[in-house]
Amino acid sequence: MKKTNLSLPSHLETINKDDKYKIILAEQELIQWIEKLKAKKIFSIYTKTNHSNYMLANLIGISFAIEEKIAMYIPFAHDYQDAPKQLNYKWVLSKLKPLLEDPTRSKVGYNLKYDLHILARYGIQLRGIQHDIMIASHILNSTSRKNDIVSLAVDFLEHQCQCISLEKIARKGKQQFKFNQITLEETLPYSAKYADIILQLHNKIFKKIEHDSELKLIYKNIEIPLIFILFKMERTGVLIDDALLNLHSYKISNRLQELEFKIYKITNNRFNINSTKQLQTILFESMNFPIIKKTPSGKPSTSEEVLQELALYYPLPKLILEYRNLTKLKSNYIEKLPKMINMNTGRIHTSYHQVMTTTGRLSSSDPNLQNIPIRNKLGRRIRKAFIAKDNYKILSVDYSQIELRIMAHLSGDKNLLNAFQQGKDIHIATAAEILSVNAKKISNEQRYRAKAINFGLIYGISAFGLAKQLNISQYEAQQYINRYFKRYSGIFLYMENLRKIAYKQGFVETLFKRRIYLPEIKSKNKIRQKAAERSAINAPIQGTAADIIKKAMLLVSEWIEFKANDNVELLMQVHDELVFEVHKSILETAKNKIQKLMESAAKLNIPLLTKAKYGDDWDQAH
DNA sequence: TACATCACG
DNA sequence: ACGTACGTGATGTAC
Ligand SMILES: [Mg+2]
């Protein structure tokens, strides 16, 4: 943008010629290219930015490909010394805007949710998102960890030399995010190339998805439309009461000082309580506490489970537990969340990831809003900091026992289906069955144990795990499991069959036929093979729940768009829960409608039920 | 960067 | 005879 070199350096011309890549520096060239883009059924798009945070990133340039090997790059913000004069970005974007916003012009990209954010910063609403190769490759194999563009190019395209150069560039990109300092000579071969590769990859990957009509439905009808929904959720963000968090911060700091003082008094030693290594020395050498459990690397564990047990005999572990609890909440939430508030919006903007889990669940990061505390008192106080804007309230709607219902549906077990059909308290019903006792006589402890069994089943139950969870003997746990499978024989058969299927075909499926590959199912290592068997049991259940809530998000978003715009915003998804910001004038309407929509997201052999509540904050909404 | 720990569903 | 609960992300420490 500084220099006035109108003509391209000769060595750049050479690159252009070889790869048919074009660098756009003149207005007329862009006009011509826009016509080329319009002439294509689909084109690929790739945005280059100066930041990984979507709320802060600015465009450095943008590239497009229309056919294999035919791609171009429009730089606007390369400002290294002697950079050639580049087109004015406002002018470029004004020319591209109609094309980018036209829903009838199909686009393919890599992680287009990011491009949506970037373009939104420039007042452009990207429409016509037809394909996303990041998501497509995850649909094909959710177990693979290599979903980045370079790895996909290595897997799907057989251009070895191309890939090597790309890897080099990628490494450079990781080290430094100063793309504006990269010269055009360096950038052209890969900025345009990324667009080229995205288009080439799309042709390969989508062909594989098309082969399977059910995979195609998940991809086309769930995942692709979900991109825009997640984009909106991220961009909307959630309002945080940082004054409340700061107040807790102050109180907790005081309590932590007290705890430190008490701990040092007992141990007669000032040490870093956060250091597991130092704590190990104190507990198991100085204090001579018995070693209850070892970590995978063979060192004595100081985990909560161990400290709980030691706390039965000594006063110190209880102090450590409280210290741990407080420091965790302090650093992860109370101190972290206020720092994450965006200066412009005053809200927190998480990132939802569509391709980070094997089962099809979403994940959330920066910050993670799917692990906000709720299980203890202080945790719920943190949750109180999630609030609604003036005249709005927080509405939370979550599925009731969705995973157990799915297990009943998938297995077809008569007994479990019946229990749900009759609207019974499922844990009481389980306890009554296992113990052969009338449901009215089930105690709290018996219900609690049955609940642990029900959870265990979803995790691919083992006597060891259940015994540990309930603090009972392995023998006793095995008795429970045996009695459960006797009463719910359909569940037993379902799980046996799932192990067989997983072994035979190497993958399992959700209700909607999303695939989860289990490469370890044939491992010679028995530990790994057993772990894969448990995943084989868990994945269809967890994955079906993920599919269902994604469908629900689409249904609800459609209703919001056409019937409740400006009055309802979808803010968060926490696996079986959707959280909304709702105008006070339509709280009851929204609550009822959203429950109906969520409950209709899938037709199972038993009803799908939700619980809903609203309040001033996320805690009140529970 | 690996490990241990712990927040959530 | 093995040594295990399923799926995530973030933190602080130690190497
Ligand atoms: Mg629930």
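Atom set for the values below is all heavy atoms of this structure, side chains included, hydrogens, waters and symmetry mates excluded.
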- Hunt down any stem DNA chain C takes part in, defined as 3 or more consecutive Watson-Crick or G-U pairs whose two distances are each under 3.5 Å. B:1-9 with C:6-14
- Message: Can you give me the first and the last nucleotide of DNA chain C (5' to 3') that has an atom within less than 4.0 angstrom of a non-hydrogen atom in chain A?
- Response: dC2(C) to dC15(C)
- Item | Partners passing side-chain contact (heavy atoms from CB on, under 4.5 Å) against Lys524(A) (at least two apart in sequence or in another chain) | none
- With a 4.0 Å heavy-atom cut-off, tell me which residues in residues 290-298 of chain A come close to DNA chain B, sorted by residue number. Thr295(A), Pro296(A), Ser297(A)
- Pairs touching residues 491-501 of chain A that satisfy side-chain hydrogen bond (donor to acceptor under 3.5 Å, both in side chains), sequence neighbours left out: Glu496(A)-Arg499(A), Arg499(A)-Glu533(A)
- Query: Does Arg235(A) have any side-chain contact (heavy atoms from CB on, under 4.5 Å) partners at least two apart in sequence or in another chain, and if so, which?
  - Reply: Tyr54(A), Met55(A), His117(A), Ala120(A), Arg121(A), Phe231(A)
- Query: Is any side-chain N of the basic residue among Lys328(A) and Glu304(A) closer than 4.0 Å to the acidic one's carboxylate O?
  - Reply: no
- Query: When you compare dC3(B) with dT4(C), how far apart are their P atoms, in angstrom units rounded to a whole number?
  - Reply: 15 Å
- Query: Taking the same atom, P, in dA4(B) and in dA5(C), what whole-Å distance lies between them?
  - Reply: 13 Å
- Query: By a strict heavy-atom criterion of less than 4.0 Å, which residues belonging to residues 453-466 of chain A are in contact with DNA chain C?
  - Reply: Gly456(A), Tyr459(A), Ile461(A), Ser462(A), Phe464(A), Gly465(A), Leu466(A)
- Note on the structure: Contact check, residues 354-371 of chain A vs DNA chain B, heavy-atom distance under 4.0 Å, returns Arg361(A), Gln370(A), Asn371(A)
- So what does Arg375(A) touch, heavy atoms closer than 4.0 Å: a base, only the sugar-phosphate, or nothing? base
- Note on the structure: Residues at least two apart in sequence or cross-chain that pass salt bridge (charged side-chain N to carboxylate O under 4.0 Å, His left out) with Asp547(A), listed by chain then number, are Arg514(A)
- Task: Look at all strands and tell whether Gln469(A) reaches a base, only sugar-phosphate, or nothing, counting heavy atoms closer than 4.0 Å.
- Result: base
- Query: Only one of Lys384(A), Lys393(A), Arg383(A) forms a salt bridge (Lys or Arg N to Asp or Glu O under 4.0 Å) with Asp617(A), so which one is it?
  - Reply: Lys384(A)
- Message: For a quick check of understanding: with a heavy-atom distance under 4.0 Å over all strands, which category does Ala452(A) fall into, base, sugar-phosphate or nothing?
- Response: base
- Query: Where along residues 494-531 of chain A does a heavy atom fall under 4.0 Å from DNA chain C?
  - Reply: Ile527(A)
- Query: Which residues in residues 377-387 of chain A have at least one heavy atom lying under 4.0 Å from any atom of DNA chain B?
  - Reply: none
- At a 4.0 Å cut-off to heavy atoms of chain A, the contacted part of DNA chain B spans dC3(B) to dG9(B)
